[in-house]
There are 2 protein chains.
Amino acid sequence: MIKQIKGVTISQVAEAAGVARSSVSRAFTRPDMLSPETVTRILNAAKALGYVPNHTARALSTGRYGNIALTVPDIANPFFPPLIQASQMEADRSDFCIFLGNGSEDPVQEDKLLKRFAGQVEGFVLASSRLSDAQIREHASQHPLVLINRDVEGIARVLIDSGTGVWQAVEHLARLGHRKIVYVSGPSTSWSNQQRSAAVRDASEKFNLTAQTVATIVPSFEAGKNAVDAILKTGASAAIAFDDLTAQGVLAGMAERHVIVPKDFSLIGCDDVLGAMTYPALTSVSNQSSEAGRVAVSLLMEILQAGTIRDVRHTLETHLVIRDTMTNIPAEFALVD
Amino acid sequence: MIKQIKGVTISQVAEAAGVARSSVSRAFTRPDMLSPETVTRILNAAKALGYVPNHTARALSTGRYGNIALTVPDIANPFFPPLIQASQMEADRSDFCIFLGNGSEDPVQEDKLLKRFAGQVEGFVLASSRLSDAQIREHASQHPLVLINRDVEGIARVLIDSGTGVWQAVEHLARLGHRKIVYVSGPSTSWSNQQRSAAVRDASEKFNLTAQTVATIVPSFEAGKNAVDAILKTGASAAIAFDDLTAQGVLAGMAERHVIVPKDFSLIGCDDVLGAMTYPALTSVSNQSSEAGRVAVSLLMEILQAGTIRDVRHTLETHLVIRDTMTNIPAEFALVD
DNA sequence: CTGTTAGCGCATTCAG
DNA sequence: CTGAATGCGCTAACAG
């Protein structure tokens, strides 16, 4: 049994402070049970020796690991870093650590990660999980689990309802006089894509414009760029893209074809992860991804504390962030309402 | 003592299979020490009960946690996600899990995270650590530790030498006929910035062009945009920016002022995190961040296995990735060499 | 090949 | 208020 580095233990502190091991333990977990002076004596001895409580040993004894796991399908997708960051900050408030898992858009990998994490975490947060409902239910039956952007009945979940923001986007386009728009879709199995697609359809109907769909398989810059010909062929005057990455691709593709945005064509993204970092600055539907991470972890903490699984369904509204990629079109085409 | 979920233990499996606990343990860790038939008997019993080895308990006994910690100063900085992803893939090869820590650009927070991770990880990888050399040494004395983009004598480190790529950038500009360039600097304390700044200076001297510096405090899109006036005032015909984010800001600022890149002005970024996602596509110095993550973890694994701390200094070369933001300037200004 | 024994570091009864 | 004893789940000698 080779220890990498033998950390200083509770026993050494106990000896140094001339007390029992249990007192050292209490000094860190229940200082109120000890006389103030012995507490300080122990704490001093601990600091002198550089003692740090061993979380693993504590976990074994208490059954509380102080860790949670967070999985995302693709950390390189700019949607997730803010979510991860916010999750960590929230976890930190309860002194929890986060295991991060990158599912690589692969259900098998994601499942493997969860199994590997089990036994050292108290609960899971799965963001945009690629697992099947059945798999999710299976894991949820073993540990407290909160979903982000995945709607499984009976399991705590926080959903970013892009519908509200997309509706606003369509409405705004209608007011600007557009009559024919296209939705550049994302993965058909994605919950978010279904939301957005439906919102485009419903709002278009309501505001009396026609909406077509140009499909992409994977949301990416390349996919957006490749979709441009199809988009232009529809004769639409504006497009709403599944996400900002795709929109950025569309933007580049348009520029290559000397179609000036917004003069010749209007464009709206989703997720608002690019901020004003494009030129022209991309109008987009805000996504609240960090809020989603925060809420999810906070929910998980509640569940852990209460010890009961709650069937919560927390939805986060979105809204349109207007920047520079839209323009109105000639009055003769304007919407009559 | 409330267990969240009482997992099935080795003892229950032992009883079910009619063997000793140690045999169950061996069935999972050293099956070769048992007769094939008892192994299958145990494995069957285990599966029937849904037994999963408890990693925490195992860690306590062996001192091998099977986890490592990775800290980054800001996960939202596009430099890091690829690094994190590659680190995870490499860790996964050795069946290690990763604790992710986001230092929030704050040494205090970073230090706190490391202390919190200690006791459940076997080693650390610190990417672009904001800690002082002394603090790093302190932690390195307690646990195996590998640095990324931080050069501390005696501690294993992998360094992305942007010097080579920046040198190429300057050389390329010189060949295109530029005589006067500007370096849009990053944080003065950053190791990377020092590398890049020095490379611009040295290469400029070598290729006989004059280089000025326009300083920004924090590398960001905004900073780049705000630097544009100062850049133009220098009368330079090209700029090299500290990173792609800054370069993208410069690009947007130029566009706003109707300075056409690359026709009127040439621009080069660093890190190459934007790919071809700008328009025009940004020429940049590749950064190899994922390779850095991979190598760092692999190094850490080596150290863990060997049980000895090695003073490795692994440097990764960079190179110029030429895209569309550069142009040559009139022959009368061309470099004579 | 397999059972017995003894901890890993800590929290927590139970006695003082 | 504090010390002694017990066990968390598992691995690792040490015997057979």
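All figures in this text were calculated on a predicted structure; none of them were measured in a lab. Worth knowing before you read on, the calculation uses all heavy atoms, side chains too, and leaves out hydrogens, waters and symmetry mates.
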request  = Return the value, rounded to whole Å, for the distance between atom CZ of A/Arg21 and atom C1' of C/dG9.
outcome  = 8 Å
ask   = Considering only side-chain heavy atoms of B/Val19, which listed nucleotide, D/dA4, C/dG3, C/dA11, is closest?
value = C/dG3
note = Taking D/dC8, D/dT2, C/dC10 as options, the one with an atom nearest any side-chain atom of A/Ser25 is C/dC10
query = Nearest 0.5 Å, what's the CG-CG distance between A/Leu70 and B/Leu100?
reply = 9.0 Å
message = Quick check: on DNA chain C, is the nucleotide nearest B/Ser22 upstream (toward 5') of the one nearest A/Thr56, or the reverse? Name the residue that is more 5'.
response = B/Ser22
query = Counting only side-chain N and O atoms of A/Tyr51, is one of them less than 4.0 Å from OP1 or OP2 of C/dC10?
reply = yes
note = 5'-most contact on DNA chain C (nearest-nucleotide basis), B/Ala57 vs B/Glu37, goes to B/Glu37
request  = Would you kindly give the CD-to-C1' distance between A/Glu15 and C/dG9, to the nearest whole Å?
outcome  = 16 Å
key: Distance, rounded to the nearest Å, where A/Gln12 contributes CD and C/dC8 contributes P   = 11 Å
key: Selected nucleotide, minimal atom distance to A/Arg26 side chain, candidates C/dA11, D/dC10, C/dC14   = C/dC14
ask   = How close or far is atom P of D/dA12 from atom CG of B/Leu60, stated in whole angstroms?
value = 12 Å
request  = Whole angstrom is fine here: how far is it from CD1 in A/Ile10 over to P in D/dG3?
outcome  = 12 Å
ask   = Does the side chain of A/Ser129 come under 3.5 Å of the side chain of A/Glu110 through a donor N or O and an acceptor N or O?
value = yes
request  = Look at the side chain of B/Ser23 and decide which nucleotide, out of C/dA11, C/dG7, C/dG3, has an atom nearest to it.
outcome  = C/dG3
request  = Send over the distance from B/Tyr65 OH to D/dT11 P, rounded to a whole Å.
outcome  = 15 Å
key: B/Thr38 vs C/dT2: side-chain N/O to OP1/OP2 distance below 4.0 Å   = yes
message = In terms of relative ring orientation, are A/Phe124 and A/His143 parallel, tilted or perpendicular, with 30° and 60° separating the classes?
response = perpendicular
key: B/Lys112/A/Asp92 ion pair, N-O < 4.0 Å   = yes
task = Report yes if the distance between the aromatic ring centroids of B/Tyr51 and B/Phe28 is under 6.0 Å, otherwise no.
result = yes
key: Gap between atoms CZ and P, on A/Arg30 and D/dT2 respectively (whole Å)   = 15 Å
key: d(CE, B/Met33; P, C/dG3) in whole Å   = 12 Å
task = May I ask you to evaluate whether B/Ser35 reaches the phosphate of C/dT2, defined as a side-chain N or O under 4.0 Å from OP1 or OP2?
result = yes
